[in-house]
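Please read the structure below before turning to the comments.
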Amino acid sequence: MIDNKDTDLWNRFRQGEEQALYTLYEKYYHLLLFLGLKICARSEPVKDCIQQVFLYFWEKREGLDTVNNVRSYIITAFKRKLLLHLQQEKKDNGLLSLWMEAETGDTPSAEQLLMQQQQSKAAIGRIQEAIALLSPRQKELINLRFYEGRSYDEITDITGLTHRTVYNHLYEALKSLKQSLEQDLKSGNLHLRTLLLLLPL
């Protein structure tokens with residue numbers, strides 16, 4: 001569902017109207033904060049990434065294209081920024097851990113590091129296989145509810161489905177994913193929140 005007001009604000013800020021971008025910032029700040037805290041429980045990096053994304057928009061405004069779905073574009077840009085930040089943070093923490101382990105003589109071998117990488121790839125592969133088993137409608141509703149943070153009222157407006165139908169489809173989709181990944185979820189190798197974040201737009 002395209003918001004024409006958002007499109008107008010987007011085009012105006014691309015032309016140099018700072019207030020137009022600030023209006024979009026105010027409109028989507030709390031939604032982005034909500035979505036960000038589902039990924040990272042710490043509010044500071046989430047808030048920083050929200051500000052950085054909008055600062056990036058302003059700095060690159062002249063090179064940005066016209067956007068049909070401004071809401072989706074902003075959410076995607078923010079989540080990409082946050083995930084890149086967390087990946088870098090994890091990398092930095094990993095380097096610190098390796099340094100500390102080296103100091104104590106407990107450095108992991110090349111074989112151990114390779115095994116960890118292979119386990120991560122295997123987990124992602126199992127998630128992708130589980131998602132592929134869902135129906136197109138189930139994928140769409142999970143996207144809307146968990147990735148875009150849409151309310152049930154918004155989902156019914158977008159899809160034309162009743163609240164009960166939306167609820168039932170989501171329930172069955174989550175049940176299917178849990179069954180497909182039962183062993184990983186029980187072992188703690190995967191969490192449903194992580195699983196949902198890997199869904200494509």
Side-chain angles (χ1 to χ4, degrees), residues 1 31-42 45-46 49 53 67-69 71-95 97-98 108-152 154-201:
M1 184 170 58
L31 173 62
L32 296 179
L33 182 62
F34 168 75
L35 295 174
L37 290 174
K38 289 174 63 179
I39 301 173
C40 173
R42 293 174 291 119
V46 174
C49 285
V53 163
V67 174
N68 291 326
N69 191 331
R71 176 192 174 105
S72 180
Y73 186 90
I74 291 174
I75 290 173
T76 301
F78 162 67
K79 286 199 168 185
R80 185 176 293 120
K81 178 68 177 177
L82 180 58
L83 290 173
L84 286 173
H85 171 82
L86 295 176
Q87 287 172 2
Q88 184 60 48
E89 190 177 69
K90 183 177 181 181
K91 180 180 178 182
D92 292 342
N93 289 338
L95 290 174
S97 296
L98 287 175
S109 66
E111 290 80 6
Q112 288 174 319
L113 292 174
L114 179 61
M115 183 177 296
Q116 290 175 357
Q117 291 177 344
Q118 291 174 338
Q119 289 174 342
S120 297
K121 289 181 180 178
I124 292 174
R126 289 192 294 274
I127 291 172
Q128 291 173 334
E129 290 173 0
I131 292 171
L133 296 175
L134 299 178
S135 69
R137 177 64 82 182
Q138 288 175 328
K139 293 177 186 176
E140 176 192 16
L141 294 177
I142 283 184
N143 248 354
L144 292 171
R145 179 62 179 150
F146 295 100
Y147 193 91
E148 295 192 15
R150 301 276 187 171
S151 67
Y152 281 97
E154 288 177 316
I155 294 174
T156 57
D157 288 341
I158 293 169
T159 63
L161 300 174
T162 65
H163 280 76
R164 174 54 60 182
T165 301
V166 170
Y167 176 84
N168 287 341
H169 276 301
L170 283 172
Y171 175 81
E172 291 300 326
L174 294 175
K175 180 179 177 182
S176 176
L177 290 175
K178 287 180 179 179
Q179 289 176 342
S180 298
L181 298 164
E182 182 177 6
Q183 294 304 317
D184 291 289
L185 292 170
K186 282 184 176 179
S187 65
N189 292 332
L190 291 175
H191 299 281
L192 196 57
R193 177 187 297 178
T194 302
L195 182 160
L196 292 173
L197 291 174
L198 293 175
L199 286 171
L201 273 178

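These numbers come from the heavy atoms of this one structure, side chains and all, not from hydrogens, waters or symmetry mates.
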Heavy-atom donor-acceptor pair, T159 side chain to I155 backbone, under 3.5 Å: yes

Donor-acceptor under 3.5 Å (S176 side chain, E172 main chain): no

Would you say that [X] contacts [Y] through its side chain, given a criterion of any heavy-atom pair below 4.5 Å between the two side chains?
X: L170; Y: L141; value: yes
X: V46; Y: R42; value: no
X: R71; Y: L31; value: yes
X: K175; Y: Y171; value: yes
X: I39; Y: L86; value: yes
X: I142; Y: L177; value: yes

Salt bridge (Lys or Arg N to Asp or Glu O under 4.0 Å) partners for E140, two or more places apart: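 E140: salt bridge (Lys or Arg N to Asp or Glu O under 4.0 Å) contacts with R137.
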
Y152, OH: over 12 other non-hydrogen atoms inside 6.0 angstrom: yes

Atom of [X], atom of [Y] and distance for their closest heavy-atom approach:
X: L82; Y: P45; value: CD1-O, 4.2 Å
X: V67; Y: Y73; value: CG1-CB, 3.6 Å
X: Q138; Y: A173; value: NE2-N, 3.6 Å

Euclidean distance, L133 CG relative to K139 NZ, rounded to 0.5 Å: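 That separation rounds to 8.5 Å.
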
